[in-house]
Amino acid sequence: MVERYVMSIDQGTTSTRCILFDLRGRLCAVAQREHQQHFPRPGWVEHDAVEIWRNLQRIVPEALAGAGVDPAQIAAIGIANQRETTVLWDRRTGAPLGRAIVWQDTRTAPLVDELRDRPGDEFFLDRCGLPPSTYFSAPRIRWLFDRVEGLEQRARDGEVLFGTMESWLIWNLTGGADGGLHITDPTNASRTMLVNIRTLTWDPELMDFFGVPREMLPEIRSSAESYGEARALLPGVHITAALGDQQAALFGQTCFSPGEAKCTYGTGSFLLMNTGTDLVRSRNGLLTTVAYKIAGQPTVYALEGPMAVTGSLVQWFRDRLGMISTAPEIETLARTVEDNGGCYIVPAFSGLFAPHWRSDARGVVVGLTSYITKGHLARAVLEATAWQTREVVDAVNADSGLALKQLKVDGGMTSDNLLMQMLADVLDVPVVRPLVAETVSLGAAYAAGLAAGYWPDMEVLRRNWHRAAQWLPDMDPERREWEYESWRRAVQRSLGWIRSPGERVERPR
């Protein structure tokens with residue numbers, strides 16, 4: 001019998017990967033290409049959608065060749081993608097109308113400030129479960145409409161299509177301008193600020209508010225179902241799953257029950273807790289989001305706490321300060337000291353995401369004295385990720401009523417054993433890393449394989465999950481809470497609330 005595989009396409013912020021997985025969830029081949037990051041102005045981040053599509057055309061054959069696999073052996077294709085990144089393209093020609101605006105981009109900050117004043121957070125939270133933020137897609141569409149002459153009218157005439165990266169890739173894979181499918185899934189659609197979080201349909205009030213016509217929006221399909229056959233790269237192979245990257249990681253970590261949570265540590269970090277079929281409205285600065293929607297089954301929701309700067313803080317420490325030559329060196333440097341020496345770093349390079357949602361926050365270093373060495377600074381860099389996670393976990397516990405019992409982790413930063421121990425210490429729960437580190441790609445593969453019948457049920461996927469490492473908490477509780485309070489004071493300075501001890505100032509308008 002010829003062995004079959006599931007192909008996962010992981011379209012991320014810095015690169016696109018194609019990975020083949022077998023029946024036991026083992027990685028059999030991988031091919032990867034980075035794409036260029038464009039920074040035309042301060043706060044602007046852009047990608048070339050055509051470059052990303054061309055990269056995919058190169059890596060699919062590379063992955064097949066790496067495993068010695070024929071296209072006929074691919075049982076299904078699943079796609080995971082960087083969320084919120086906004087692509088507009090011409091329906092007739094298939095050409096993008098400018099570069100894609102990336103989720104990290106903050107050019108819409110003035111518009112978002114207006115939205116928070118009028119109509120206010122509640123208008124949006126009641127409908128889409130999201131607060132106004134530069135993070136999401138709808139403000140970007142409005143920004144483009146306001147600055148590109150004739151674009152809004154063209155969209156209303158049906159000439160312009162909108163999508164996040166999974167929509168763009170599926171459209172091209174299934175024919176592009178020659179009948180390509182224009183679809184998305186609930187995990188991505190729910191991050192646009194245009195979807196009703198309860199019905200998972202495009203919301204008329206939100207579309208009217210932003211002036212986004214229905215004609216340009218993709219059809220919302222389940223996260224796991226047969227969308228159609230590919231016509232490019234893998235003709236005849238069914239595309240059967242699409243999930244935003246963080247929801248894919250939740251799925252790949254097999255967090256299928258309420259209260260189970262994962263955090264992916266990369267450039268930024270994203271903690272998601274499964275809340276089951278209950279839509280939990282956050283009162284503590286988290287996002288209510290769709291975890292996944294399998295065809296024919298109820299929608300599963302999650303609470304999410306995104307942290308904008310974690311791994312990128314290590315990159316800053318390496319590239320801008322020159323304290324280390326390679327990212328892994330930070331662990332060695334941090335181990336040269338026993339603690340942070342009273343130094344704390346709040347990395348609000350792009351403002352602060354959850355649970356604060358303040359684009360006007362700025363990065364701060366507090367507690368500098370002549371005693372501080374680069375070892376203390378290295379430790380403070382790693383602790384910044386741990387304390388940000390603690391803030392999010394506190395909010396998750398308060399919102400869900402489900403106390404976190406264990407945190408599953410993945411992403412590049414999990415190779416730092418000191419950081420993983422810090423996480424266990426500050427969270428006071430076990431931290432667990434899986435055997436298969438590529439959880440985003442694996443989650444997309446699992447969803448695609450389920451929809452295609454490659455795997456019979458989710459229990460089989462649970463049995464595929466194996467622990468590679470575990471860290472247990474080992475910190476004095478009194479010290480933990482004292483340090484956490486010190487971190488929170490540093491955050492207050494980042495937010496501009498404190499100028500001197502006891503002095504509070506109003507947020508500037």
Could you check if a side-chain atom of Cys263 sits within less than 4.5 angstrom of a side-chain atom of Leu272, using non-hydrogen atoms only?
-> no
Which distance, rounded to the nearest 0.5 Å, do you find between the CG of Leu125 and the CE of Met193?
-> 8.0 Å
Are Arg191 and Glu84 within salt-bridge range, i.e. N to O under 4.0 Å?
-> yes
Do the ring centers of His38 and His47 come within less than 6.0 Å of each other?
-> no
Taking NZ, NE, NH1 and NH2 as the nitrogens, is one of them in Asp185 or Lys293 under 4.0 Å from a carboxylate oxygen of the other?
-> no
Verify, without hydrogens or angle tests, whether Thr106 (side chain) and Gly43 (backbone) share a donor-acceptor contact under 3.5 angstrom.
-> yes
Is any NZ, NE, NH1 or NH2 atom of the basic residue among Glu152 and Arg156 found under 4.0 Å from an Asp or Glu carboxylate oxygen of the other?
-> yes
For Glu149, does the CD atom have more than 12 heavy-atom neighbours from other residues, nucleotides or ligands under 6.0 Å away?
-> no
Judged by atom type as modelled, is there a donor-acceptor pair below 3.5 Å linking the side chain of Thr414 to the main-chain atoms of Gly411?
-> yes
Could you state the interatomic distance from CD1 (Ile52) to OG (Ser15), rounded to the nearest 0.5 Å?
-> 9.5 Å
Residues in ring pair (Phe, Tyr, Trp, His ring centres under 6.0 Å) with Phe256, at least two apart?
-> Phe251
Donor-acceptor contact below 3.5 Å, side chain Tyr301 vs main chain Ile197 | yes
With a 4.0 Å cut-off, would you call Arg107 and Glu46 a salt bridge?
-> yes
Between the side chain of Asn274 and the main-chain N/O of Cys255, is any donor-acceptor distance below 3.5 Å?
-> yes
Does Ile294 reach the side chain of Glu225, with side-chain heavy atoms less than 4.5 Å apart?
-> no
Using a strict 4.0 Å threshold on nitrogen-to-oxygen distance, state whether Arg92 and Glu159 make a salt bridge.
-> no
Thr16 vs Asp10 side-chain heavy atoms within contact, under 4.5 Å = no
Under a 4.5 Å cut-off applied to non-hydrogen side-chain atoms, are Pro218 and Trp202 in contact?
-> yes
Check whether any side-chain heavy atom of Leu233 lies under 4.5 Å from a side-chain heavy atom of Leu173, and answer yes or no.
-> yes
By ring pair (Phe, Tyr, Trp, His ring centres under 6.0 Å), Trp53 pairs with (sequence neighbours left out) none
Taking every non-hydrogen atom, the tightest pair across Gln104 and Thr267 = NE2-CG2, 3.9 Å
Salt bridge flag under 4.0 Å for residues Arg83 and Asp245 | yes
Do you know the tightest heavy-atom contact between Val45 and Asp105?
-> N-OD2, 2.7 Å
Considering all heavy atoms of both residues, which atom of Leu115 and which atom of Phe209 are nearest to each other, and what is their separation?
-> CD2-CE2, 3.3 Å
Donor-acceptor contact below 3.5 Å, side chain Arg142 vs main chain Ser137 | no
Side chains of Gln82 and Gln11, donor plus acceptor under 3.5 Å | yes
Is Asp278 reaching over with its side chain to a backbone N or O of Val280, donor-acceptor style, under 3.5 angstrom?
-> no
Heavy-atom distance under 4.5 Å between the side chains of Asn188 and Asn81, does that happen here?
-> yes
Quick one: does Asn196's side chain have a donor or acceptor within less than 3.5 Å of a partner on Thr199's backbone?
-> yes
Identify the heavy atoms of Ala49 and Val87 that sit nearest to each other, and give their distance.
-> CB-CG1, 4.0 Å
Any sub-3.5 Å donor-acceptor pair from Ser312's side-chain atoms to Val309's backbone N or O?
-> no
Hey, is Glu260 close enough to Arg462 for a salt bridge, meaning N to O under 4.0 Å?
-> yes
Ala224 to Ala451 - nearest heavy-atom pair and separation = C-CB, 3.8 Å
Do Arg26 and Glu3 sit within salt-bridge range, that is, some charged N less than 4.0 Å from a carboxylate O?
-> no
Taking every non-hydrogen atom, the tightest pair across Leu23 and Tyr454 | N-OH, 2.9 Å
Under the salt bridge (Lys or Arg N to Asp or Glu O under 4.0 Å) test, residues paired with Asp178 that sit two or more places apart | Arg231
Run the salt-bridge test on Arg154 and Asp90 with the 4.0 Å N-O cut-off and return the result as yes or no.
-> yes
Going by atom types only, do Thr174 and Glu229 share a side-chain donor-acceptor pair under 3.5 Å?
-> no
Pair Arg24 + Asp22: basic N to acidic O under 4.0 Å = no
Measure from NZ or CZ of Arg320 to the centre of the six-membered ring of Phe317, then state whether that distance is under 6.0 Å and the direction lies within 45° of the axis.
-> no
Any donor and acceptor pair, going by atom type alone, linking the side chain of Asp208 with main-chain N or O of Gly211 inside 3.5 Å?
-> no
In this structure, CG of Leu88 is separated from CG of Leu97 (nearest 0.5 Å) by 6.0 Å
Test ring-ring contact (aromatic ring centres under 6.0 Å, His included), reference His182, set Trp168, Trp89, Trp171, output is Trp89
Residue pair Asp410 / Gln253, side-chain donor-acceptor N/O under 3.5 Å | yes
Evaluate ring pair (Phe, Tyr, Trp, His ring centres under 6.0 Å) for Phe21 paired with Tyr5, printing each intermediate quantity in order.
-> CA-CA 6 Å; Phe21 291 96; Tyr5 304 84; over 10 Å; no
Check step by step if ring pair (Phe, Tyr, Trp, His ring centres under 6.0 Å) holds for Trp316 and Phe349.
-> CA-CA 10 Å; Trp316 170 81; Phe349 296 163; 5.4 Å; yes
Rounded to the nearest 0.5 angstrom, the CE-OG distance for Met413 and Ser269 is 6.0 Å
Arg147 atom CZ: more than 12 heavy-atom contacts under 6.0 Å = yes
Taken in chain and number order and not counting sequence neighbours, the residues that satisfy side-chain hydrogen bond (donor to acceptor under 3.5 Å, both in side chains) with Gln388 are none
Taking only residues two or more places apart in sequence, or in another chain, which ones meet Trp455 in a ring pair (Phe, Tyr, Trp, His ring centres under 6.0 Å)?
-> Tyr446
Taking the side chain as every heavy atom from C-beta outward, state whether Arg17 and Glu438 have any atom pair closer than 4.5 Å.
-> yes
Inspect the contact between Arg118 and Glu114 and indicate whether a charged nitrogen and a carboxylate oxygen are less than 4.0 angstrom apart.
-> no
Side-chain contact, heavy-atom cut-off 4.5 Å: Ser415 with Tyr265?
-> no
Separation of Cys128 SG from Phe136 CZ (nearest 0.5 Å) | 7.5 Å
How many angstroms lie between atom CD of Glu304 and atom OG of Ser190, to the nearest 0.5 angstrom?
-> 9.0 Å
Atom CZ of Arg214: over 12 foreign heavy atoms under 6.0 Å = yes
Those residues at least two apart in sequence (or on a different chain) that pass side-chain hydrogen bond (donor to acceptor under 3.5 Å, both in side chains) with Thr14 are none
Sidechain-backbone polar pair: Asp416 side chain, Pro328 backbone, donor-acceptor under 3.5 Å | no
May I ask you to check whether Trp103 and Phe270 place their ring centres under 6.0 Å from each other?
-> yes
